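Report on the following structure.
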2 protein chains.
Amino acid sequence: MADMSSGSAPGEQADLGSAATLGKRADVGSGPAPRKRADARRNEKTLLEAAAAAFVASGVDVPVRDIAARAGVGVGTIYRHFPTRADLVAAVYRHQVEACAAAGPELLASADSPYTALTRWIDLFVDFLVTKHGLAEALQSDDAAFQTLHAYFLDRLVPVCADLLAAATRAGQVRTDIEALELLRGVGNLCIGAGKDSQYDARRMVTLLLTGLQHRPSTP
Amino acid sequence: MADMSSGSAPGEQADLGSAATLGKRADVGSGPAPRKRADARRNEKTLLEAAAAAFVASGVDVPVRDIAARAGVGVGTIYRHFPTRADLVAAVYRHQVEACAAAGPELLASADSPYTALTRWIDLFVDFLVTKHGLAEALQSDDAAFQTLHAYFLDRLVPVCADLLAAATRAGQVRTDIEALELLRGVGNLCIGAGKDSQYDARRMVTLLLTGLQHRPSTP
DNA sequence: GACGATACGGAACCGTGTTCCGATTAGCAA
DNA sequence: TTGCTAATCGGAACACGGTTCCGTATCGTC
């Protein structure tokens, strides 16, 4: 299974998550993609690496200027490749989000019960969030610029969570009044500020939430 | 019992929560307070009312300039009375925080079990947070300016929560590995973004958390 | 009414994200 | 190799938010 908590590992050959691929696919059928210039491709890769390093060093709140400086480019270059901060963040973490999404079905197939698969998957999700300083905060930020990041996470992970939840529901292991979106948002919220207070253990809170999710006829 | 979700009801005679009373008490023993000028007192009251109205209208994120305009004063006046945004927020909600703190012992005395008292108290807390747009977010913000707000809430409410939790623990009704601070932060986190998505019901998530908190020997 | 202390207003400052546009350069053709 | 042109780059400039500063206005007292 993919390791969700490892470094962000940018720098692959294929689609590095340029903003154009985040929204609706642009003008399908207008012929093959016009292939970017070499310096543009180089810069995009450099930017993703610099951003990943900056996020590790200073959290996802690191100023755009710092990322630009780290990459040795101007801020204009960042905004040409990524229309907004959130798109850059999304691009940097795209691989890990995809890995998390892919892990859902695998866990469902390998775990000894749907509920176990669900908890393991949520564990992956939590590991991902708590190891990325400020990511959970950014996801819930009401800043309009982060709407696209929020949407990307939800688009990709809600269906996976919904499948796990549905399986657990069919097995009679969980309450039936909780939706996947709600569960994911709750878990995401619990991860906020995870690294900033040693007294607060997000994983323990998520455990509580998941325990409470279990189907228990004897509700007090 | 105090109604935590009602309007903020500023405008009382006594201490309206000026910043001086939030931090450590300044120079105790240097004689009686020198009694502010009349216009200063008038402005402080006006400011609290304007801020409360602005918070209701636009959330606690409303720009300081907007509050100043609403109160018909300059921004300098705000900063003279409240050293920072967070102090203004704290002052506006001080009454409700105090009411929430006071409700703890009352509930413990009146409810039929400590766990019930705890859940009722948490309900009050949640009602408070979800009815104040952006307050839960501000509480967890890593912005240094909100540290004082965070600290105020915690100073005031953690002891109350700890008492309720201890009582429930003595009654064998809850797990023993959760601290009051952790529980409060978890609940606070779950309230983030409560009003912005009709799909997400913070109260339901808190219910899950509290259910998971219950002592259950048969852990799956 | 005068005068010192206090409080006021809002321009100015700093740090953000984002936009804009002249300078630069890659990629191609001759 | 040399031009040419469109794509790309860099960073100054803008918008917007919190906060600070200081000349001016007002209060309260003599």
Side-chain angles (χ1 to χ4, degrees), chain A residues 18-20 26 32-47 50-51 54-55 58-91 134 137-138 141-149, chain B residues 16 18-20 31 33-48 50-51 54-55 58-90 134 137-138 141-149:
Chain A
S18 73
R35 184 176 176 80
K36 284 185 192 170
R37 261 169 53 167
D39 54 346
R41 263 173 295 138
R42 204 179 329 120
N43 267 333
E44 181 162 323
K45 183 176 166 182
T46 304
L47 271 175
F55 291 167
S58 315
V60 299
D61 293 325
V62 64
V64 174
R65 285 164 176 79
D66 289 6
I67 301 173
R70 200 183 269 261
V73 305
V75 290
T77 302
I78 292 191
Y79 281 93
R80 183 151 325 89
H81 289 286
F82 308 98
T84 184
R85 252 193 91 76
D87 294 301
L88 176 55
V89 175
E137 288 85 334
S141 163
D142 50 0
D143 185 344
F146 283 103
Q147 285 310 100
T148 150
L149 182 65
Chain B
L16 274 165
S18 74
R35 183 175 176 81
K36 286 185 191 166
R37 258 168 54 171
D39 54 347
R41 264 173 295 139
R42 203 181 328 123
N43 268 332
E44 180 161 324
K45 184 177 165 182
T46 305
L47 270 175
L48 282 169
F55 292 165
S58 316
V60 299
D61 293 326
V62 63
V64 174
R65 285 166 175 80
D66 289 6
I67 301 173
R70 201 183 268 260
V73 305
V75 290
T77 301
I78 291 191
Y79 281 92
R80 186 151 329 87
H81 288 285
F82 308 98
T84 185
R85 253 193 91 75
D87 295 300
L88 176 55
V89 175
E137 288 84 335
S141 163
D142 49 0
D143 185 342
F146 283 103
Q147 285 309 102
T148 150
L149 182 66

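Quick caveat: nothing in here was measured; it's all calculated off a predicted structure. Values below: every heavy atom of this structure, side chains too, minus hydrogens, waters and symmetry copies.
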If I take atom [atom1] in residue [X] and atom [atom2] in nucleotide [N], what distance separates them, rounded to the nearest angstrom?
X	N	atom1	atom2	answer
Asn43(A)	dT25(C)	CG	C1'	12 Å
Phe146(A)	dT16(C)	CZ	C1'	12 Å
His81(B)	dA7(C)	NE2	P	8 Å
Ile67(B)	dG9(C)	CD1	C1'	17 Å

Between [X] and [Y], which heavy-atom pair has the shortest distance, and what is it?
X	Y	result
Ala138(A)	Leu149(A)	CB-CD2, 4.3 Å
His81(B)	Pro83(B)	O-CD, 3.9 Å
Ala68(B)	Ile78(B)	N-CD1, 3.7 Å
Thr84(A)	Ala145(A)	OG1-CB, 3.7 Å

Tabulate atom names and distances for all N/O pairs under 3.5 angstrom spanning the protein and nucleotides 26-30 of chain C.
unit_1, atom_1, unit_2, atom_2, d
dA26(C), O4', Arg37(A), NE, 3.4
dA26(C), O4', Arg37(A), NH2, 3.2
dG27(C), OP1, Ala38(A), N, 2.5

Would you say that [X] contacts [Y] through its side chain, given a criterion of any heavy-atom pair below 4.5 Å between the two side chains?
X	Y	answer
Ile67(A)	Phe55(A)	yes
Leu88(B)	Leu48(B)	yes
Arg70(B)	Asp66(B)	no
Val73(A)	Leu47(A)	yes

Residue whose nearest DNA chain D nucleotide is more 5′ - Tyr79(B) or Thr77(A): Thr77(A)
Check: Arg65(A) side chain, dG15(C) base, donor-acceptor under 3.5 Å: no
Sugar-phosphate only, base, or nothing, as touched by Ala145(A) at under 4.0 Å among non-hydrogen atoms: sugar-phosphate
Distance, nearest 0.5 Å, that separates CZ of Phe146(B) from CG of Asp87(B): 10.0 Å
Chain A footprint on DNA chain D, 5' to 3' - any atom under 4.0 Å from a heavy atom: dA6(D) to dA13(D)
Nearest to side-chain heavy atoms of Val75(B), which nucleotide of dA7(C), dT19(C), dG10(C):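 Shortest atom-to-atom distance from the side chain points to dG10(C).
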Most 5' of Asp61(A) and Arg80(B) on DNA chain C, judged by nearest nucleotide: Arg80(B)
